[in-house]
Amino acid sequence: MTRNRILFGIGVLAFVSVIVTVRLGGFLVDNEYRQPDRQVAAQEELGEAELVPRQQGIADEQAADEAEARARPYEEAEYRTVPFVGSRVTVWVLAQLHLLFAAFVLAVPLFAFIIEFVGYVKKEERYNKLAYEFTKLLSVSFSMTATFGAFLTFALIILYPKFTNYLMHIFSPTFLPYVLLFFLEALFLYSYYYGWGKFGPRMHLFLGFMLNIVGTAIMFIANAWLTFMMSPGKRDDIDGDGVPDFVSAVSESGALLSLRDAFFNFTWMPINIHRIIANVAFGGSIAAAYAAFRYLQAKSDEERAHFDWMGYVGNFVAIIAFLPLPFAGYYLAAEIYAFSQTLGIQMMGGTFSWLFVLQAALIGNLFLGANYYLWLGMGRMEGGVHFQKFIKWLLIAIALCFAVWATPRYAISSVSEIAAMGGSSHPQLSYLGQMSAKNTAVNILILSTYMSFLLYRRTGRQSIHPHRQLLTRAQAIVFSSAAALVIFYGVYGYFVDSATRIRFAIPQVYSVLAALVVITVIDLPLYRNAAQSGETKWGRIPAVSQYALIFIALSFTWLMGLMGYVRSGLRQEWHVYGVILDTSPDAYTPSLGFATQVVSVTVLIFFGLIGVVFWLSSLSGKKDYAPGAAAEDGGRLEGGQAA
């Protein structure tokens, strides 16, 4: 009752304030000095009406302004500014929020479709229910994506009108397909979501398939716009010497020479591959965080079991996509370096090199969080004690690789520390800052994480394959060989030149990928129809595991924001690298501290908004509002207070 009175008082006070403000403004306007009406009328009758000096000055000033406005030629504004925040930060935050929601909207339909397909093949309703639970997150997220996309478009048109007009001139033929695809995506998405259980399974799977195809096509078009700004051209062998040459899509003045070359530019396909993998990993982590949110709110064992399973599936998707992600990052970095050595050196050895130390810390946290969740998950099944003895060795390997990967080549030191070390690099630890050590560390991290997943998969299961010992030894040989090959190239890289050392990353990557594929191919028949020592008890996992899922999602989001800044910031003072120069007041490279602050604020805003998405999605599982029940609850409360 007291709360209602307070709200009523606030409303009355606001109403009175508005009335007082309006009356005060009217009083001031009415009491402004004016020439007496009778005197003006008398002067008009005599034909000698004259303005007082103040009125004459105002009239002359207005006439001069009007004449100047009529004579001024039209000039297109090149830049506009936003007070306090700045134009670049405004566009930066809006673009990052749009990309984060877009990545989520593109990723969730992919693994929801796969899960639904698995349920259709296995004829198990629980997969269908899980896929629907994931899909419930899409409706509001799609609206958020479209909203921030509109904000970003308006911000670019208003704040960077000349450059936006240039991009529209270059890519205007792609706008109509983009709009049509966006319309189709909305049609397929809402048909897929609201048609759950209304269509036949094959028709519904077709809708999900088309939703993924259209969404991926939209991403490919948008990626052409942004990669053109970094690499405005393609690679082709023009002179026939077998060495690809750079073919610019625009002239030196910026005139379009080939729309095809501008679209299929140098870094277009690498960014497509990198974003598809990163989007799936990011979407899986956010979906797992939603499951953790629902798990912590669950009231019954059945709900906890369901959302524990959902969190495991989301995290499984994130880990499976995360393992090849560093390789896709290497491919993108190699293509950037091939396009421009200046950009490559600036990225890995210049201003942005310290951001890769932060990247190493974030990725190390992701590996630790993912492994920790898998180790805790072993408690769901009987027989997990047998594999507990391997965890400490995996933890030691992951921690050592984490330390190596996060070690910088050159330390930020004082004058006295530089004098003591004999230079800007540490005499021993600087060896760990070279790419040979870092490539070795990340590949061993991937192998260790995959080993944790294998141990989790085998917990509580006993293979009945007739050749199980032989196959298990084959897996051990493949794993050991890949690790030995990675370490060999890592050590040998210190005894060769830098160009050869960089090429050593290729056999390291291929050996790890081959090991993952071969071990998986062996493991599938090895543990098919395996004997189980007990049933998996979903929901029987410590609550800290759910916070680990949220931590993984937070780290993924921060990592995406940071790497997005690196990719975009490499252009430095160029809108389109080497073609269109940025002459705005924001055409400078911000400090690393400022960049991380902007990324952190953006991540906090995103998680605040994704929290709203989680809350709205959770409402669908709650009971409808019942006035009678509410009145009964109110009576109980008043009765309790009276007692």
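- The minimum heavy-atom distance linking A321 with A281 is given by the pair CB-N, 3.6 Å.
- In summary, the aromatic rings of F453 and F316 are positioned with their centroids under 6.0 Å apart.
- Closest non-hydrogen pair, R468 versus I464, comes out as NH1-C, 4.0 Å.
- Contact check for L368 versus Y372: no side-chain heavy atoms found under the 4.5 Å cut-off.
- The side-chain heavy atoms of H274 and L325, taken from C-beta on, include a pair separated by under 4.5 Å.
- Atom CD in E335 sits 11.0 Å away from atom CG in N265 (nearest 0.5 Å).
- The local environment of CZ in F479 is crowded, with over 12 non-hydrogen atoms from other residues, nucleotides or ligands closer than 6.0 Å.
- The backbone N or O of I477 lies less than 3.5 Å from a partner atom in the side chain of S481, making a donor-acceptor pair.
- Without hydrogens or angle criteria, S231 side chain to T267 main chain gives a donor-acceptor distance under 3.5 Å.
- Ring planes of Y127 and W309: perpendicular class, angle over 60° (limits at 30 and 60°).
- Counting only heavy atoms from C-beta outward, the side chains of N365 and F402 approach each other to under 4.5 Å.
- Using a 4.5 Å heavy-atom cutoff, the side chains of P326 and I446 are in contact.
- Between the side chain of N212 and the backbone N or O of L110, at least one donor-acceptor pair lies under 3.5 Å.
- Within the 4.5 Å cutoff, the side chain of V566 has no heavy atoms near those of the Q359 side chain.
- Separation of atoms CG (L358) and CZ (F356) is listed at 10.5 Å; rounding is to 0.5 Å.
- The aromatic rings of F367 and F322 are tilted relative to each other, their planes meeting at an angle between 30° and 60°.
- Atoms CG and CZ, on L485 and F488 in that order, are 8.0 Å from each other to the nearest 0.5 Å.
- Closest approach of G283 to A107, counting heavy atoms only: CA-CB, 3.9 Å.
- Side-chain atoms of E133 and R294, non-hydrogen and from C-beta on, do get closer than 4.5 Å to each other.
- By the 30° and 60° cut-offs, the orientation of the rings of F134 relative to F111 is perpendicular.
- Taken to the nearest 0.5 Å, the CG atom of L374 stands 6.0 Å off from the OG atom of S452.
- Taken to the nearest 0.5 Å, the CD1 atom of I487 stands 10.0 Å off from the CD atom of Q508.
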Could you walk me through whether F282 and I286 pass the side-chain contact (heavy atoms from CB on, under 4.5 Å) check? CA-CA 6 Å; F282 171 72; I286 297 297; 3.7 Å; yes
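- The number of heavy atoms from other shown groups lying within 6.0 Å of CZ (F206) does not exceed 12.
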So F504 and V496, side-chain contact (heavy atoms from CB on, under 4.5 Å) or not? Walk me through it. CA-CA 10 Å; F504 280 173; V496 297; 3.8 Å; yes
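- Judged by distance alone, with hydrogens and angles left aside, the side-chain atoms of S545 form no donor-acceptor pair with the main-chain N or O of I541 at under 3.5 Å.
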Please report the C-alpha distance between L100 and I610 in whole Å, then the side-chain angles of each, then the deciding distance to 0.1 Å, and finally whether the side-chain contact (heavy atoms from CB on, under 4.5 Å) criterion is met. CA-CA 10 Å; L100 289 173; I610 205 69; over 6 Å; no
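- If you check the side chains of Y492 and S436, you find no donor sitting under 3.5 Å from an acceptor.
- Contact between I552 and L366 at its shortest, heavy atoms only, is O-CD2, 3.4 Å.
- In summary, E124 and R126 engage in a salt bridge, as defined by a charged side-chain N under 4.0 Å from a carboxylate O.
- N128 places no side-chain N or O within donor-acceptor distance of the main-chain N or O of Y120, the cut-off being under 3.5 Å.
- A salt bridge is defined here as a Lys NZ or Arg NE, NH1 or NH2 lying under 4.0 Å from an Asp or Glu carboxylate O, and D308 with R540 fails to meet this definition.
- The side-chain contact (heavy atoms from CB on, under 4.5 Å) test with Y450 singles out one residue from I320, L323, V512, and that residue is L323.
- M560 and A103 make their closest contact through CE-CB, 4.1 Å (heavy atoms, listed as atom of the first residue, atom of the second, distance).
- At least one side-chain heavy atom of F352 sits under 4.5 Å from a side-chain heavy atom of T589.
- Proximity of a side-chain donor or acceptor of R458 to a complementary backbone N or O of L455 within less than 3.5 Å is not detected.
- For the pair K392 and F390, the cation-pi criterion (under 6.0 Å, within 45° of the ring axis) is not fulfilled.
- Taking the six-membered ring for Trp and the full ring otherwise, the centers of F307 and Y295 sit at least 6.0 Å from each other.
- Side chain of N315 to main chain of G311: no donor-acceptor pair is present (N/O by atom type, distance under 3.5 Å, no hydrogens or angles).
- The closest side-chain heavy-atom distance from F293 to L549 is not below 4.5 Å.
- Minimum heavy-atom separation, P109 to L211: CB-CD2, 3.6 Å.
- Aromatic ring pairs are classed by plane angle as parallel below 30°, tilted from 30° to 60° and perpendicular above 60°; the pair F220 and W268 is perpendicular.
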Please test T216 against L106 for side-chain contact (heavy atoms from CB on, under 4.5 Å), starting from the C-alpha separation and ending with a verdict. CA-CA 7 Å; T216 304; L106 289 174; 5.7 Å; no
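- A ring-centre distance under 6.0 Å is found for F339 and F266.
- Checked by atom type and distance alone, the side chain of S340 never pairs as donor or acceptor with a backbone atom of I336 at under 3.5 Å.
- Checked against the 6.0 Å centroid threshold, Y456 and W375 do not count as a close aromatic pair.
- A distance of 8.5 Å separates OG1 in T520 from CZ in R457, rounded to the nearest 0.5 Å.
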